[in-house]
Amino acid sequence: VLDRTHPLARGLVGWWPLNEGGGSGVADVTGTGKPSPITTASTDHKWIGGPRGGAAVLFSGQQAAAPVSNNLFQIGAGDYALSIWVFTTAVGTLLAMSKFAGSGDDYWFGTSGASAVTMSIKGGTVTASVNIADGFWHHIAATRLSGYVTIYVDGRARNAGTLATASSPTGSFLLGA
């Protein structure tokens, strides 16, 4: 349950816990009415047990999430945070969250290589060398504060650097793709 009076809830764009445990859609619990990133059109996912005993969605690694909105998650010049729970045993590039337009104004957040968590904006990257392809749940997050991006894995800051100041691609926002 989201406490809208909590200071961390201010400015929250969307939150889909993905803990429904079944069905063809998921709810945005912010109360802002954002569309579900999973719809009946999404066929390459299934419900599984999640972190902390709850439910979760297992994505196949293909385009598992239906397009949400071209205006959702426009990373502008301001401060932001992205976070997601991930469970993988695969190595390589796995996009936990992404938005592509093919114009070079893209961003993605996920894993890259055998043991790295990466935030990429406009082709620039900040990468944290840490193996999360170990068959356990991990919480990964990226924050931007005054132009400085920090990557967190399981609550620990793992690396930081500067990235492009803005990204507003017109492509679809995807989860688990």
For the [atom1] atom of [X] and the [atom2] atom of [Y], what is their distance to the nearest 0.5 Å?
X: Arg158; Y: Ile151; atom1: CZ; atom2: CD1; value: 11.0 Å
X: Ser120; Y: Leu163; atom1: OG; atom2: CG; value: 7.5 Å
X: Asn159; Y: Thr125; atom1: CG; atom2: OG1; value: 9.5 Å

**Report entry** Hydrophobic cluster membership, Val130 vs Met119, 4.5 Å side-chain cutoff
**Finding:** yes

**Report entry** Same apolar cluster (I L V M F W Y, side chains within < 4.5 Å links), Phe109/Ile121
**Finding:** yes

Report task. Quick one: list whatever passes side-chain hydrogen bond (donor to acceptor under 3.5 Å, both in side chains) with Thr118, sequence neighbours left out. Result -> Ser112, Thr127

Expected list for residues 133-140: side-chain donor-acceptor pairs under 3.5 angstrom, two or more places apart:
from, atom 1, to, atom 2, distance (Å)
Asp134, OD1, Phe136, N, 3.1
Asp134, OD1, His138, NE2, 2.9
Asp134, OD2, His138, NE2, 3.1
His138, ND1, Asp154, OD2, 2.7

Requested in this report: Not counting sequence neighbours, which residues clear side-chain contact (heavy atoms from CB on, under 4.5 Å) with Ala55? List them please.
Outcome: none

**Report entry** With Ala81 via side-chain contact (heavy atoms from CB on, under 4.5 Å) - residues at least two apart
**Finding:** Thr143

Query raised in the report: For the residue pair Ala141 and Ser83, what are the closest heavy atoms and their distance?
Result: CB-CB, 3.8 Å

Query raised in the report: For Ser146 and Asp79, which heavy atoms make the closest approach, and how far apart are they?
Result: N-OD1, 2.9 Å

Query - Any Leu145 side-chain heavy atom under 4.5 Å of Tyr80 side chain - result: no

Query raised in the report: Given Val86 and Thr111, is the side-chain contact (heavy atoms from CB on, under 4.5 Å) satisfied, shown in steps?
Result: CA-CA 10 Å; Val86 295; Thr111 66; 5.5 Å; no

